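The chains referred to below are lettered A, B, ... by the order of the sequence lines, with proteins before strands, and numbering in each begins at 1. Please read all numbers here as calculations on a predicted model, not as lab measurements.
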There are 2 protein chains.
Amino acid sequence: MTDLSIGELSRRTAVKVPTIRYYEQIGLLPAPPRTEGRQRRYGSDHVARLGFIRHARELGFEVEAIRELLSLSAAPERPCEPADRIVLRHLEGVERRIAQLELLRSELRHMLDDCRHGQVGECRIIQVLADHDLCRHEHGRMESGAPARHARRGSTRFPVMAGPDPAIPIR
Amino acid sequence: MTDLSIGELSRRTAVKVPTIRYYEQIGLLPAPPRTEGRQRRYGSDHVARLGFIRHARELGFEVEAIRELLSLSAAPERPCEPADRIVLRHLEGVERRIAQLELLRSELRHMLDDCRHGQVGECRIIQVLADHDLCRHEHGRMESGAPARHARRGSTRFPVMAGPDPAIPIR
DNA sequence: CTTGAACCTCCAGTCGCTAGAGATTGTACG
DNA sequence: CGTACAATCTCTAGCGACTGGAGGTTCAAG
Ligand SMILES: [Zn+2]
Ligand SMILES: [Zn+2]
Ligand SMILES: [Zn+2]
Ligand SMILES: [Zn+2]
């Protein structure tokens, strides 16, 4: 029985105190015994479980996935394939995210490269934002349908955010 | 005056109806005029502005950044440098995020490679999650201090989530 | 004039925390 | 033993950027 206060547990696992309480609330970390004054007291098993949770969070797993991984880890003689599938699924998500961000990165770089650093009126950044068709990347085309959107070009004129105008009824 | 209903605007910009109302609520899109029955009616300037917003969101800009970009784009004769700085800042964030995710990806791949696909008890995935020191990557080391954490090895034993135990006071 | 799709407002929920208010407890020092 | 004060407690709200639903009203076609 190591009998740690929540602050001690926090220091040992580098998980913040409110986060520990939050994990208890969502049922990720079991409620520990309490002192007579209802303060939490943790043992080494809690340290281990919280360490697991933290590491999994650092690796980007969602709480639901961690919940499953924890419950799987409680049955050492069962096949580990469900755990592997969770990790694989997560890896695939990470890979998709990387691919997206690489597209983003290249587009942002192009925008910066193309900008002549003059006036806003000629700034490529503003132009590209205002007109999707000037864009090199392919985002947003995935939901087909909606054919032949905007072809407006040239002046970039939006309604400016002024004070809340008095909502004049029309017709 | 194109005089579009919110549904029409939604179809033309591929932004969902509740999202359009949300943008109005947070002051990103100006409140349009209304019919006598208080339904919104949009013009082509709204279409353009919402298109700008959507494109910027697709490129990952935060609403605050979009707000600034929009207000910058309203002054075409001013220098575009502030806009460029916003994009550069965003690009740097994207690059940081990519680097993080690449670390994650390599660690997840290692975990899957090392797993023998046997029982949970020998699963490398579970072991690595339970013991940070088995990990190849460097995350979480950035907050120095707290030296020489866990050295527990072998059995992975956590307190299992059972029903809420009756919180026995100790000492 | 009737129908029914589209619109309205308001509110709650998402995810994983984080921060605060205001009250209570634990502990170290004198 | 008394006191001070840090740490803990519960409860609630907020973040960002939406998304969905309930319950009521309006528009436009037939
Ligand atoms: Zn520029
Ligand atoms: Zn684009
Ligand atoms: Zn395995
Ligand atoms: Zn690690």
Side-chain angles (χ1 to χ4, degrees), chain A residues 3-29 31-42 46 50 52-70 90 93 97 140 143 164 167 169-171, chain B residues 3-29 31-42 46 50 52-70 90 93 97 140 143 164 167 169-171:
Chain A
D3 238 32
L4 307 167
S5 73
I6 197 169
E8 260 303 301
L9 179 62
S10 169
R11 248 161 272 132
R12 298 205 190 190
T13 57
V15 176
K16 291 181 186 163
V17 168
T19 304
I20 296 172
R21 287 196 276 248
Y22 169 71
Y23 286 158
E24 179 181 325
Q25 189 190 308
I26 63 172
L28 209 53
L29 193 65
R34 306 276 189 127
T35 64
E36 287 182 33
R38 303 207 44 77
Q39 295 198 358
R40 294 167 177 86
R41 288 298 178 265
Y42 296 94
H46 288 96
L50 188 52
F52 187 106
I53 293 168
R54 187 206 163 200
H55 198 186
R57 283 296 299 136
E58 282 173 358
L59 288 169
F61 288 96
E62 298 178 2
V63 164
E64 270 321 299
I66 298 175
R67 214 186 285 280
E68 291 172 48
L69 288 169
L70 280 166
H90 181 44
R97 191 94 188 87
E143 334 86 333
I170 49 184
R171 58 175 279 164
Chain B
D3 238 33
L4 306 168
S5 73
I6 198 170
E8 260 303 302
L9 180 63
S10 171
R11 248 161 273 133
R12 298 204 190 190
T13 57
V15 175
K16 290 182 187 161
V17 168
T19 304
I20 296 172
R21 287 196 277 247
Y22 170 71
Y23 286 157
E24 179 181 326
Q25 189 190 308
I26 64 172
L28 207 54
L29 193 65
R34 305 275 189 127
T35 64
E36 287 182 33
R38 301 207 47 76
Q39 295 199 358
R40 293 167 178 85
R41 288 298 177 265
Y42 295 94
H46 287 97
L50 188 52
F52 187 107
I53 294 168
R54 187 206 163 199
H55 199 187
R57 283 295 299 134
E58 281 174 357
L59 289 168
F61 288 96
E62 299 176 3
V63 163
E64 270 321 298
I66 297 174
R67 215 185 284 280
E68 290 172 49
L69 288 169
L70 280 166
H90 181 44
R97 191 92 189 89
E143 334 85 335
I170 49 184
R171 60 176 279 168

Does a side-chain N or O from S5(A) land closer than 4.0 Å to OP1 or OP2 of dT8(D), or not?
-> yes
Taking OP1 and OP2 of dC8(C), is either one under 4.0 Å from a side-chain nitrogen or oxygen of R21(B)?
-> yes
For the pair R54(B) (side chain) and E58(B) (backbone), establish whether a donor and an acceptor sit closer than 3.5 Å, ignoring hydrogens and angles.
-> no
Does the R57(B) side chain pair with the main chain of F61(B), one donor and one acceptor, at a distance under 3.5 Å?
-> yes
Using atom CD of Q25(A) as one end and atom P of dT10(D) as the other, report the distance to the nearest whole Å.
-> 10 Å
Distance below 4.0 Å between T19(A) side-chain N/O and dG16(C) OP1 or OP2 = no
Does a nitrogen or oxygen in the side chain of Y23(B) sit under 4.0 Å from OP1 or OP2 of dC18(D)?
-> yes
Could you check how far CG of L4(A) sits from P of dT27(C), rounded to whole Å?
-> 12 Å
Any donor-acceptor N/O pair, H90(A) side chain to L59(A) backbone, under 3.5 Å = yes
Given DNA chain D, 5'-ward residue of the pair V63(B) and G7(A), judged by closest heavy atom = G7(A)
F61(B) CZ to dA17(D) P: how many Å, rounded?
-> 13 Å
Examine distances only and state if a side-chain atom of S10(A) and a backbone atom of V15(A) form a donor-acceptor pair shorter than 3.5 Å.
-> yes
Could you tell me the separation between the CZ atom of R11(B) and the P atom of dA6(C), rounded to a whole number of Å?
-> 7 Å
Do R11(A) and E8(A) meet the salt-bridge criterion of a basic N to acidic O distance under 4.0 Å?
-> yes
Ignoring backbone atoms, establish whether R41(A) has a side-chain N or O less than 4.0 Å from OP1 or OP2 of dT8(D).
-> no
E36(B) CD to dC27(D) P: how many Å, rounded?
-> 8 Å
Report the residue (G37(A) or K16(A)) whose heavy-atom-nearest nucleotide on DNA chain C is the more 5′ of the two.
-> K16(A)
Closest to side chain of R57(B), choosing from dA17(D), dT19(D), dT8(D) | dA17(D)
Figure out the CD1/P separation between I20(A) and dT10(D), and round it to whole Å.
-> 13 Å
Ignoring backbone atoms, establish whether R34(A) has a side-chain N or O less than 4.0 Å from OP1 or OP2 of dT10(D).
-> yes
Hey, does the side chain of R40(A) come within less than 4.0 Å of dC9(D)'s phosphate (OP1/OP2), counting only N and O?
-> yes
Side-chain N or O of T35(B) less than 4.0 angstrom from OP1 or OP2 on dC27(D)?
-> yes
If you find the nucleotide of DNA chain C closest to E64(A) and the one closest to Q39(B), which residue's nucleotide is nearer the 5' end?
-> Q39(B)
Starting at CG of L28(B) and ending at P of dG16(D), how long is that distance when rounded to a whole Å?
-> 13 Å
Take atom CD1 of I6(A) and atom P of dA6(D), then tell me their distance rounded to the nearest Å.
-> 19 Å
